[in-house]
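Data first, discussion second: the structure below is written as structure tokens.
Atoms within each ligand, like the ligands themselves, are counted from 1 in listed order.
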Amino acid sequence: MSTKSRPLDPCLERLRAISREQPRAFFAPGRANLLGAHMDYNGGLVMPVALSKGTYAAAALRDDGMLHLESAQFPGQIVEVPLADLKPGRTKGWSEYVEGGLWTSMERWGMLPGLDLVLDADLPMAKGLSSSASVECVAVLVVASLLGLDPNAEEMIHLAHAAETRYVGVRCGILDQTAIFLGKPDSILVFDCLELTREHVPLDGKQAMVAIMDTGVARELASSAFNQRVAECTSALSIFQGQIPGVTCLRDVSAEDFAKHADRLPPALARRAQHVIAEVQRTEEGSNALRKGDIATFGDCMTRAHHSLRDLFEVSTPELDVMVEAAVAVDGCYGSRLTGAGFGGCAVALVHPSARDAFEQSVTKRYAESTGRITEVQWFSPAGGPKEIEL
Ligand code: GLA
């Protein structure tokens, strides 16, 4: 899909209506994580792709120190605030993510003299595709570009991540912002959240496409439930740390150590830790398979990950489970799982291109039969990261 598509033009039009400055335009993608669920804050591997859909921004400087912020997704909810007044807790809702990205980057790089900013997105919100991180990333890119800076991806990842943890107050790991900034066409990123090493493993588009299936159920209470999972993992870790020397994160706990000490954990914490420890092994298996071009094994790891997210980490929903089972029942589907944190939203599958039509028909039919809901399948190839759009 071209980035010069529909959402940008209304943004530019609106910006030109409020500013006489020459606008600049930016885009940041969303992401789907294929393997490595809830691994980032446990020191494991994640394997995401950036999507060709995301957030568009039209931006222009102003000279009165004010931020004027609009989003086509929230018509009429205009934010007018001195840039110097941005601070965590100032507001709740969609603008927090934008403000967070502006705040962390201006704290790091210096203040803008004022900013008119209009956003739109073709990425559905609250569906597990990182619409919020996409907004944070575009905000960081806007500040860097308007200040005339060209920071490296790591610095921008760090600032966009801090927007979420420090401004919005979600204790997320580094997955989403990393997946977005390090997105590369036709590649799956293998990112080690402990060692911070990265590798782009090619995904042959003739062998596999990424299908995103929307359950039609928005995530509910996702940030509080997410923070609860993070807290549970932290509690499990501290119990292991009392038993095993040198453990710094759950990834350091081996399957043998888990078996030896699991009975010290309350049952819910034991299930959370069991997921993480098995997912560490699955991500090893999956990344090795991917490097050899063995998409079948990688896909099988995805499906097994979903079962573990359902039974042990307990972040799935009945609709996500139906969707994943409908997907993997189709010949030519390598594997499927919920994407993002869970609690609703979208499932992702890897599918052979020759099975595309059959997949769409079968999944929509089975999903409707089981849930009474309509789903839409969207197709992607892994895409590139954030960028300025030439006007
Ligand atoms: C959310 C968080 C990420 C990651 C995933 C689960 O998307 O923002 O940091 O923890 O959930 O893998």
(message) One thing to verify: whether Glu279 and Arg282 come together as a salt bridge, which I'm taking to mean a side-chain N less than 4.0 angstrom from a carboxylate O.
(response) yes

(message) Regarding Lys260 and Glu256, does a basic nitrogen lie under 4.0 Å from an acidic carboxylate oxygen?
(response) no

(message) Could you tell me, atom by atom, which parts of ligand 1 come under 4.0 Å of a heavy atom of Asp40?
(response) 3 (C), 4 (C), 9 (O), 10 (O)

(request) Heavy-atom contacts with Gly173 under 4.0 Å: which atoms of ligand 1 show up? List them by number with element. (result) 9 (O)

(request) Would you kindly say whether Asp321 and His306 are connected by a side-chain donor-acceptor distance under 3.5 Å? (result) yes

(request) Look only at interatomic distance and state if Ser130 has a nitrogen or oxygen under 3.5 Å from any nitrogen or oxygen of ligand 1. (result) no

(message) At less than 4.0 angstrom from any non-hydrogen atom of Tyr41, what atoms of ligand 1 do you find?
(response) 10 (O)

(message) So for Arg31, does at least one of its heavy atoms come nearer than 4.0 angstrom to any atom of ligand 1?
(response) yes

(request) Could you check Val49, Leu350, Asp186 and say which one makes a side-chain contact (heavy atoms from CB on, under 4.5 Å) with Leu203? (result) Leu350

(request) Check each atom of ligand 1 against the heavy atoms of Ala37 and keep those under 4.0 Å away; list them by number with element. (result) 12 (O)

(request) Enumerate the atoms of ligand 1 whose separation from the nearest heavy atom of Leu175 is less than 4.0 angstrom. (result) 4 (C), 5 (C), 12 (O)

(request) With heavy atoms under 4.0 Å as the rule, classify the contact between Ala341 and ligand 1 as side chain, backbone, both or neither. (result) both

(request) Give yes or no for whether the N/O distance cutoff of 3.5 Å, strictly under, is met between His38 and ligand 1. (result) yes

(request) May I ask you to say whether Arg90 pairs ionically with Glu96, meaning some side-chain N is under 4.0 Å from a carboxylate O? (result) no

(message) Check Glu13 with Arg16, please: is the shortest side-chain N to carboxylate O separation under 4.0 Å?
(response) no

(message) What I want to check is whether the side chains of Gln378 and Lys53 have a donor and an acceptor closer together than 3.5 Å.
(response) yes

(request) Give the atoms of ligand 1, by number and element, whose distance to some non-hydrogen atom of Phe226 is under 4.0 Å. (result) 1 (C), 2 (C), 10 (O), 11 (O)

(message) Return the closest protein heavy atom for atom 8 (O) of ligand 1 as residue, atom name and distance.
(response) Asp176 OD2, 2.5 Å

(message) Between Trp94 and Gln73, is there a side-chain donor-acceptor contact under 3.5 Å, judged purely by atom types and distance?
(response) no

